[in-house]
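Take a look at the structure set out below.
When a ligand or atom number is given, it counts from 1 through the structure's own listing order.
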Amino acid sequence: MSSLHVEGGRPLQGRVAVPGDKSISHRALLFASLADGTSRVRNLLRGGDCQATLACVRQLGVLVAQDAAGTVSIEGRGLRGLVEPSSVVACANSGTTIRLLAGLLAGQRFTSFLSGTPQLQSRPMGRIVDPLREMGARIIGRQSGRFAPLAIEGSPLARLHYTLPVASAQVKSCLLLAGLYAEGGCVLTEPAASRDHSEILLARMGAELEIDGLRVAITPPESLQAFELDVPGDLSSAAFPLVAAALLPGSELCLSGVGVNPRRDGLLEALTSMGAVLRRESLCEAGGEPVADLVVHPAQLHGAEIGGAQIPRMIDELPLLAVAATQAHGVTRVRDAAELRVKETDRIATTVAELRKLGAHIEAAPDGFVVEGPTQLRGAPVNSHGDHRLAMALTIAGLLAAGQTTIMGAEVCADSFPGFVDLLRTLGAKLAEVEA
Ligand code: S3P
């Protein structure tokens, strides 16, 4: 376990690129495995969660290689070419890995066992197991299938018509993958728009998708085509230096080549509504995804009301938004975000508990939190609780605080953002890693 010492008060200056998008990287590895032919992916995320997905597809017989320039080649085995894994498929700490794989494996002609860390085993799986069982999937898990480990005995799947109880791209993507194998495919309706990276990539691979507002239908294809992909920078990673630079006087930051999919950019919208000065430049497209350079300057923020359809568009950024809200004039209220309670940690409870240690005025609500600002945060020891996004949000809080903040268990930043500490240092932050 490592701790990170953070010195507050220094501006962030410079132009940097953040690592590839985590959600897109998972999908690139999983979907390419089902393609006919070899897919080539540049800027694939090397974070712990995607390394887990890479190891899982290898367990299913997929060959993955990397050339000197860092391009990753994935030799697809076709829709029916995966092989039965000889041991438990290890999903590490990654919810995206286990949920998408469960959908992909439900319609195979072999049996698989999926598990991961104790933290992953405590996350809800009923949300995928129930609709998969409706399709005819044979799945066993702890507490009647509510928790991993999961055993999946591949079986023929039937058409599904399903309304998701929560807006979740993991559930939607799991069911789309199962739909590739279901007689008659599946039709899904979401309560609000979640990220659509699966739909974008599957359509590029030649899958027949029909999208109408919050409804998506997939027809099982004969085959899927291999693809070339440049993974955009991850907006959920760019968000950390971006918020620091939006608040620290003297900062001037450009984050280049960041994915700005409209189903992911809720934080940019929220910060702008709070008075932040940020621009999108050089807008272009990569692999069907919009990409831009994000330029940010510091400004005085004010509080905002955040809820409804905004929430799935910034679900992973909400702990960081709480940090920004501590510096905003007035009250910031986040509602409709009960999903935060079933992330890597209960992110309402952990964000509130840890930010209070730094002096923040923040109260938990059943489905969100309320922050009153502005507050001069004061450096103190805080804990990541093994949650990468919390660790990074606390690092940004440390940059805004007076004195030194120490984040215990900071090594988890690498689950989604390898090089996080070095990137902040490049921009002028003073950070020191200490092995505990
Ligand atoms: C993800 C979807 C979101 C998000 C997670 C990644 C994905 O989870 O929080 O970090 O790649 O599909 P939910 O689908 O559970 O909301």
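- Taking a cutoff of 4.0 Å between a charged side-chain nitrogen and a carboxylate oxygen, Lys22 and Asp234 do not qualify as a salt bridge.
- If you look at Arg27 next to ligand 1, the close heavy atoms, those under 4.0 Å, all belong to the side chain.
- Few gaps surround CD on Glu285; more than 12 heavy atoms of other groups in view lie less than 6.0 Å from it.
- Heavy-atom contacts of Ile315 reach the following atoms of ligand 1: 9 (O) (cutoff under 4.0 Å).
- Here Arg159 does not pair with Glu183 in a salt bridge; the nearest charged N to carboxylate O distance is not below 4.0 Å.
- Within ligand 1, counting atoms from 1 as listed, the ones closer than 4.0 Å to a heavy atom of Ser23 are 1 (C), 6 (C), 7 (C), 11 (O).
- Residues satisfying the ring pair (Phe, Tyr, Trp, His ring centres under 6.0 Å) criterion with Tyr181, sequence neighbours excluded, are absent altogether.
- The closest protein non-hydrogen atom to atom 1 (C) of ligand 1 is Gln170 NE2, 3.6 Å.
- Considering each of Lys343, Glu339, Arg195, the one bringing a non-hydrogen atom nearest atom 16 (O) of ligand 1 is Lys343.
- Residues in residues 105-130 take part in these salt bridge (Lys or Arg N to Asp or Glu O under 4.0 Å) pairs, two or more places apart or across chains: Arg123-Glu344, Arg127-Glu339.
- Close approach of ligand 1 to Ala169 (heavy-atom distance below 4.0 Å) involves ligand atoms 12 (O), 14 (O).
- For Arg347 and Asp387, the salt-bridge test passes: some basic side-chain N is under 4.0 Å from an acidic carboxylate O.
- Polar contact with ligand 1: absent for Arg99 (N/O pair, distance under 3.5 Å).
- Close contacts of ligand 1 with Asp316, meaning ligand atoms under 4.0 Å from a residue heavy atom, involve 4 (C), 5 (C), 9 (O), 10 (O).
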